[in-house]
Amino acid sequence: MTKRVLVVEDNELNLKLFCDLLKAHGFMAEPVRDAREALDHARASRPDLIVMDIQMPHVSGLDLIEAIRSEERLRDTPIMAVTAYAGKGDEDRVRTAGADAFVSKPITLTLFMDSVTALIEETEMRLPQ
Ligand code: MN
């Protein structure tokens, strides 16, 4: 079955890049430009993976991760944070908030897709259908 990925990113070019990349690898990608709408989208579509930026207006990726993790039905959805790497402290904060993986910008296509694939496979093993 086609895996569905919710992509939350305020930068239009990155949003298109991530979605195009996912589609080229056989995933369905749902773009969301505003983190304030992301929780509703996640509740409605129950994606297999959420890919998100951290630096966003209105609601930061860190707050969004915490909001997702506090919802019982979304708690097990893997989250991959994609953000400019500014030091180990940043990665720690993102992981502490509840992200399962951290990919730094600018992304390399291989690392991005490897991380997506690994998270989906890990989740399938952890949560048998
Ligand atoms: Mn951003």
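Read the numbers this way: they start at 1 and go in the same order the structure lists the ligands and their atoms.
Only protein atoms were considered; those of element N, O or S under 2.8 Å from the Mn ion (ligand 1) number 3.
The salt bridge (Lys or Arg N to Asp or Glu O under 4.0 Å) search around R43 returns D40, E71, not counting sequence neighbours.
A salt bridge links R69 with D100: the distance from a Lys NZ or Arg NE/NH1/NH2 to an Asp or Glu carboxylate oxygen falls below 4.0 Å. Salt bridge present: D90 and R93 bring a charged side-chain N and a carboxylate O closer than 4.0 Å.
The two residues D48 and K3 have their closest heavy-atom pair at OD2-CA, 3.3 Å.
Under the 3.5 Å distance criterion, the side-chain polar atoms of R36 are left unmatched by any main-chain donor or acceptor of H58.
The local environment of NZ in K105 is crowded, with over 12 non-hydrogen atoms from other residues, nucleotides or ligands closer than 6.0 Å.
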